[in-house]
Amino acid sequence: AQSVTQLGSHVSVSEGALVLLRCNYSSSVPPYLFWYVQYPNQGLQLLLKYTTGATLVKGINGFEAEFKKSETSFHLTKPSAHMSDAAEYFCAVSEDFKTIFGAGTRLFVKA
Amino acid sequence: NAGVTQTPKFQVLKTGQSMTLQCAQDMNHNSMYWYRQDPGMGLRLIYYSASEGTTDKGEVPNGYNVSRLNKREFSLRLESAAPSQTSVYFCASSGQGGTGNNEQFFGPGTRLTVL
C-alpha cells in the first residue's frame with residue numbers, strides 16, 4: 001500500500017533562508033509524486049509534480065523537488081524563503097484514481 | 001472559468017441532522033473526489049467518482065453517501081450528522097484520474113461543525 005511520511009509537522013525559517021521540507025513515500029509501482037500548498041482558509045493548489053523523466057522538478061514560486069528513488073524521497077526546497085511562503089505544504093503519492101496525502105508541514109517564516 | 005466550486009462555505013448542524021454538500025467543476029474533468037481534512041491528519045479520501053455514473057469508497061466512507069449527478073456535479077450527503085464529522089470538507093477534480101498522473105484541482109472547502 002502506498003504511504004507518505006512528512007518529517008516535521010512544523011518548520012520555522014528566517015526570511016531569506018533555505019526552505020527544506022522532507023517527504024518520504026512508499027509505493028509498489030513507479031510513483032507519481034506531488035507537492036501541494038494550502039494557504040489559510042483556502043483549498044490546496046499544486047506546487048509541482050513528478051511523473052517521469054527528469055528527477056529535479058521545478059514548480060511555481062521558486063520551489064523545486066528532487067525525486068530520489070534509492071532513498072524513496074521527494075524533498076521540497078526553495079533557496080530563499082519569503083514571508084508569502086508561510087503556508088501548509090502537503091506531499092502526495094498517486095496511483096490509479098487515488099491520491100494519498102501526507103499529514104502536512106506548516107511552514108513559518110520569520111522576519 | 002470558476003474551477004471547482006463548493007456550497008455552502010460554512011455550516012453548523014446539530015447531532016442527527018442531515019445535509020448535502022454540493023460540488024461542481026467546469027473543467028470537463030472525468031474524476032471527482034471528496035476529502036475531509038482534520039488537524040495533523042492531512043486529507044483523507046471519503047468517496048470518489050472515477051467517471052460519470054460510478055462511485056467508490058475511499059479511506060473513510062462510513063456515515064457518508066455520494067451522488068455523481070452528472071459530469072459536472074458530485075454531492076456528499078450526511079444522513080445523520082455526528083460530532084466526529086466536524087471537519088473541513090474539500091471537493092476536487094482531475095482530468096487524468098486512472099493514469100496515476102492525478103493532478104487534482106480543489107474547491108475552497110466547506111467548514112462543518114456538528115454540535
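The shown structure was predicted, so the numbers you read here are calculated from the model rather than taken from an experiment. Side chains included, hydrogens not; waters and symmetry mates left out as well; all remaining heavy atoms used.
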Bottom line for B:Leu43: the part with an atom under 4.5 Å from chain A's heavy atoms is both
Margin query: Check the orientation of B:Phe106 and B:Tyr35. Use parallel for under 30°, tilted for 30 to 60°, and perpendicular for over 60°.
Written below: tilted
Cut-off 4.5 Å, heavy atoms of chain B, and the answer for A:Ser9 is neither
Whatever's closer than 4.5 Å to a heavy atom in chain B on A:Gln6 counts as neither
| Taking atom types as modelled and ignoring hydrogens, do the side chains of A:Thr99 and B:Gln104 form a donor-acceptor contact shorter than 3.5 angstrom? | yes
| said: Under a 3.5 Å threshold, yes or no: a donor from one side chain and an acceptor from the other, between A:Ser26 and A:Ser3? | reply: yes
The interface call for A:Tyr50 against chain B, heavy-atom contacts under 4.5 Å, is neither
- Assess whether side-chain hydrogen bond (donor to acceptor under 3.5 Å, both in side chains) is satisfied between B:Tyr64 and B:Arg36, documenting all intermediate values. CA-CA 11 Å; B:Tyr64 305 95; B:Arg36 60 177 290 172; 3.0 Å; yes
When the 4.5 angstrom heavy-atom criterion is applied to A:Leu44 and chain B, the contacting part is both
message = Do the side chains of B:Glu59 and B:Arg44 get close enough for a salt bridge, i.e. N-O under 4.0 angstrom?
response = no
The interface call for A:Lys49 against chain B, heavy-atom contacts under 4.5 Å, is side chain
